[in-house]
Amino acid sequence: MNYWLMKSEPTTYSIDDLKHDKKTSWEGVRNYQARNFMRDQMKVGDLVLFYHSNAEPPGVVGIAKVCKLAHPDRAAWDPQSKYFDEKASPKNPIWMMVDIEFVEKFSHFVSLEELKKTKGLESMMVLQKGSRLSVQPVSQEHFEKVTKLGKN
DNA sequence: GCCAACGTTGGC
DNA sequence: GCCAACGTTGGC
């Protein structure tokens with residue numbers, strides 16, 4: 001079983017949206033590295049730290065779970081979609097997404113600042129300078145540490 | 001709103 | 001295949 005961190009801007013899609021929807025397709029990833037993680041490594045049951053980026057303040061707000069393996073992101077060939085990519089088509093989807101379901105919203109919001117201050121999390125990818133990847137792997141140890149903070 | 005860091009594009 | 005120009009991300 002693998003652990004992940006996925007970023008979303010709360011003005012676009014927040015943990016409360018996921019809680020309301022119960023589950024969602026993670027559409028709109030347009031970065032090859034992030035796509036490859038979803039396509040090649042995510043398994044049903046993998047747990048995800050749900051991260052609010054471009055937020056005030058940014059941080060981890062809860063947990064989601066992968067509930068469907070990667071499948072084509074149809075928004076890529078929908079000209080009406082803001083995620084439209086003219087190179088994508090049903091025959092050549094290019095972009096993939098997994099589905100995730102709501103697990104929990106933390107009782108304690110774990111801000112980026114708190115992550116930075118917590119001993120043992122220094123090597124988390126999200127804390128590295130210039131790290132912009134919106135889908136990233138997290139070690140089990142880091143996942144458990146962050147989850148513990150969130151349940152405080 | 002600024003801007004550093006990073007990814008992508010396209011001319012050569 | 002290099003790399004400058006451009007676009008995007010995301011913290012501040």
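Chain naming here is simple, since letters A, B, ... match the order of the sequence lines and numbering starts at 1 in each.
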**Message:** If you define the side chain from C-beta out and look only at heavy atoms, does anything of F102(A) sit under 4.5 Å from I15(A)?
**Reply:** yes
**Message:** In this structure, how many angstroms lie between the C1' atom of dT9(B) and the CD atom of E86(A), rounded?
**Reply:** 12 Å
**Asked** For the pair made of OH in Y83(A) and P in dT8(C), what is the distance, rounded to whole Å?
**Response** 13 Å
**Prompt:** Can you tell which of dG7(B), dG11(C), dT9(B) lies closest to the side chain of Y51(A)?
**Reply:** dG11(C)
**E114(A) CD - dG11(C) P separation (whole Å)** = 16 Å
Enumerate, atom names and distances included, each donor-acceptor pair closer than 3.5 Å involving a side-chain atom of residues 68-78 of chain A, sequence neighbours excluded.
unit_1: H71(A); atom_1: NE2; unit_2: D99(A); atom_2: OD1; d: 2.8
unit_1: D73(A); atom_1: OD1; unit_2: A75(A); atom_2: N; d: 3.1
unit_1: D73(A); atom_1: OD2; unit_2: G28(A); atom_2: N; d: 2.8
unit_1: D73(A); atom_1: OD2; unit_2: R30(A); atom_2: NH1; d: 3.0
unit_1: D73(A); atom_1: OD2; unit_2: R30(A); atom_2: NH2; d: 3.2
unit_1: D78(A); atom_1: OD1; unit_2: Q80(A); atom_2: N; d: 2.8

**Message:** E114(A): which residues meet the side-chain hydrogen bond (donor to acceptor under 3.5 Å, both in side chains) condition with it, sequence neighbours left out?
**Reply:** H108(A)
**Request:** With heavy atoms under 4.0 Å as the rule, sort K82(A) into base, sugar-phosphate or nothing.
**Result:** nothing
Please write out the pairs of protein N or O atoms and N or O atoms of nucleotides 2-5 of chain B separated by less than 3.5 Å, giving the distance to one decimal.
unit_1: dA5(B); atom_1: OP1; unit_2: K129(A); atom_2: NZ; d: 2.9
unit_1: dA5(B); atom_1: N3; unit_2: R132(A); atom_2: NH1; d: 3.1

**Asked** Cut-off 3.5 Å, side chains only: do S89(A) and N92(A) have a donor facing an acceptor?
**Response** no
**Message:** For R30(A) and N54(A), find the nucleotide of DNA chain B closest to each by heavy atoms; which residue's nucleotide sits nearer the 5' end?
**Reply:** N54(A)
**Item:** Min side-chain heavy-atom separation K43(A)-D46(A) under 4.5 Å
**Value:** yes
**Prompt:** What pairs of residues pass the ring pair (Phe, Tyr, Trp, His ring centres under 6.0 Å) test when at least one of them lies in residues 115-136 of chain A, not counting sequence neighbours?
**Reply:** none
**Prompt:** How close or far is atom P of dG7(B) from atom CD of Q33(A), stated in whole angstroms?
**Reply:** 7 Å
**Asked** What are the residues of residues 8-19 of chain A, sorted by number, that bring a heavy atom to within less than 4.0 Å of DNA chain B?
**Response** none
**Request:** Give the intermediate values and the outcome of salt bridge (Lys or Arg N to Asp or Glu O under 4.0 Å) for residues K145(A) and E141(A).
**Result:** CA-CA 6 Å; K145(A) 271 209 164 76; E141(A) 182 193 351; 3.8 Å; yes
**Request:** Taking atom CD of E113(A) as the centre, report whether more than 12 heavy atoms of other residues, nucleotides or ligands fall under 6.0 Å from it.
**Result:** no
**Prompt:** Expressed in angstrom and rounded to an integer, what is the separation of L115(A) atom CG from dG11(C) atom P?
**Reply:** 11 Å
**Request:** Provide, to the nearest angstrom, the distance between the CG atom belonging to L127(A) and the C1' atom belonging to dG11(C).
**Result:** 12 Å
**Message:** Could you tell me how far apart E56(A) (CD) and dG10(C) (C1') are, to the nearest whole angstrom?
**Reply:** 12 Å
**Request:** Nearest whole angstrom, please: distance from the C1' of dG11(C) to the NE2 of H52(A).
**Result:** 16 Å
**Request:** Output every pair passing ring pair (Phe, Tyr, Trp, His ring centres under 6.0 Å) with a member in residues 28-69 of chain A, not counting sequence neighbours, ordered by first then second residue.
**Result:** W4(A)-F37(A), W26(A)-F50(A), Y32(A)-W95(A), F50(A)-H52(A)
**Prompt:** Using a cut-off of less than 4.0 Å, is there contact between a side-chain N or O of K7(A) and OP1 or OP2 of dG10(C)?
**Reply:** yes
